[in-house]
K.L.:
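Below are the structure tokens for one structure; questions will follow.
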Number of protein chains: 2
Amino acid sequence: MSRWEPGASGRLRDAAMELYVERGFAQTTVAEIAERAGVTPRTFFRYFADKREVLFGGSTLLQEAMVEALHNAPPAAPPMVAVTAALDSAADFLGGRHDFSRQRQALIKANPELQERELIKLATLASALTDGLRLRGVPDPEAGLAAETGMAVFRVAFDSWATGAGDRELAQVMSDAMGRLSSITQDR
Amino acid sequence: MSRWEPGASGRLRDAAMELYVERGFAQTTVAEIAERAGVTPRTFFRYFADKREVLFGGSTLLQEAMVEALHNAPPAAPPMVAVTAALDSAADFLGGRHDFSRQRQALIKANPELQERELIKLATLASALTDGLRLRGVPDPEAGLAAETGMAVFRVAFDSWATGAGDRELAQVMSDAMGRLSSITQDR
DNA sequence: AGAGTTGATGTCACTTGATGACATCAACGT
DNA sequence: ACGTTGATGTCATCAAGTGACATCAACTCT
């Protein structure tokens, strides 16, 4: 793949993460990241669309995993069951990186710009899940609602897991949240 | 309030909206907005935190209305019923401005930065609703879930209403979406 | 081996968003 | 009149991001 000085992308990512943790996201300049990585600022923007994007490199992979899980769910399964399968695959994808998730979540919570980026990634994910549900034959208003609701569960559960001590499994936290959801939405 | 040339804030808001519609958000510069409003670019940033914020001036009022509706719901009402009351007040707040909402929604959909800002405003709103539910005595995981779920309904319904022809009432669209939600979340 | 190709990087110049420090000016009260 | 006050202008500066073009190492082909 890369030629004579491999890993420029990786060095940039590492340097950025280090600096973000050391002195905070807003207090870190792209010039500093590039310098620590041994490249020019211009090169940074060839690997990352902007300063925030460093923290969201894995979002594409996560989305692909969840959409695939949605696709592999039994054809007869109702929408919310398929969404649950997607959440399970997400738990599988993220469950092993509690320390990293905690650090990342702390950075995001401390900075509005990063919150915005996080939110749009999650929204994109919700949109992908909606499309996946439509592909399963779920009609239009239901597909969107099921996907959005599933992502609401994801947000609540993931934040609780990443912020907390990490003594419980992510999959378990998500399952619990999903269980509570159906009890709540029934009494109205 | 303002002294010798009143309405600088209003002129800036109008000028910005005009330019955003005329040539798009990204293609509009703060210098142009300020020029059309008859002030200095520096003054723009004294009224708006950044270029995007012009489109989100009303979000504080909407949030206050919804939180108040939540507060005024019968104390014995279950969480989702109180959230429904908040959604009704939102429909009341926004229902009369279909043309403006449509234009605004078109601008937002055409620009990722604006989508990000929209999302964080909605997330803040969800957070405020969560707090409001806690104040009603709703315990912690349920409060967050009910609020997030309610906002999911809001997003789906509002987008459908603002993007669509506007032949149906916003309150009706929201009510329908809420109805579909409970049917979906039961069969799992 | 030598020449050209290719893809990643460097260099330079520039626009734009955003902010801090300080000056100014009109209205207001005294 | 005079000083205060609050909004605005002026000036300088930083940082993000981008386009155009040069450069250089590695690879290919003969």
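In what follows, chains are A, B, ... by sequence order, proteins preceding strands, each numbered from 1.
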K.L.:
A/R11 CZ to C/dA8 P: how many Å, rounded?
P.N.:
14 Å
K.L.:
Assess the side chains of B/Q172 and B/D176: does a donor N or O sit below 3.5 Å from an acceptor N or O?
P.N.:
yes
K.L.:
Should the pair A/E22-A/R36 be classified as a salt bridge under the 4.0 Å nitrogen-to-oxygen rule?
P.N.:
yes
K.L.:
In whole Å, I'd like the distance from the CD atom of B/E113 to the P atom of D/dA16.
P.N.:
15 Å
K.L.:
D/dA16 P sits how many Å from A/R52 CZ, rounded?
P.N.:
10 Å
K.L.:
Whole angstroms only, please: what is the CG-C1' distance between B/L19 and C/dG17?
P.N.:
16 Å
K.L.:
When you measure from every atom of DNA chain C, which of residues 20-40 of chain B have a heavy atom less than 4.0 Å away?
P.N.:
B/T28, B/T29, B/V30
K.L.:
Is it the case that over 12 heavy atoms from other parts of the model lie below 6.0 angstrom from the CD atom of B/E35?
P.N.:
no
K.L.:
Taking salt bridge (Lys or Arg N to Asp or Glu O under 4.0 Å) as the test, write out the residues that go with B/D159, two or more places apart.
P.N.:
B/K109
K.L.:
Do B/R97 and B/F93 form a cation-pi contact, if we require the NZ or CZ to be under 6.0 Å from the six-membered ring centre and within 45 degrees of the ring's axis?
P.N.:
yes
K.L.:
Tell me, yes or no, whether the heavy-atom count around A/E169 atom CD, taken from other residues, nucleotides or ligands under 6.0 Å, exceeds 12.
P.N.:
no
K.L.:
Measuring to OP1 and OP2 of D/dA7, would you say a side-chain N or O of B/T43 lies under 4.0 angstrom away?
P.N.:
no
K.L.:
Output the rounded distance in Å from CZ (A/F44) to P (D/dA16).
P.N.:
9 Å
K.L.:
Regarding B/Q115 and B/N111, is there a side-chain donor-to-acceptor distance under 3.5 Å anywhere?
P.N.:
no
K.L.:
How are the rings of A/F154 and A/F158 set to each other: parallel, tilted or perpendicular (split at 30° and 60°)?
P.N.:
parallel
K.L.:
Could you state the atom-to-atom distance from CD of A/E53 to P of D/dG17 in whole Å?
P.N.:
10 Å
K.L.:
Which atom pairs link the protein and nucleotides 18-20 of chain D when you take only N or O atoms and keep those under 3.5 Å?
P.N.:
from, atom 1, to, atom 2, distance (Å)
D/dG19, N7, A/R42, NH2, 2.9
D/dG19, O6, A/R42, NE, 2.9

K.L.:
Can you tell me the distance, in whole Å, between the OH atom of B/Y47 and the P atom of D/dG6?
P.N.:
13 Å
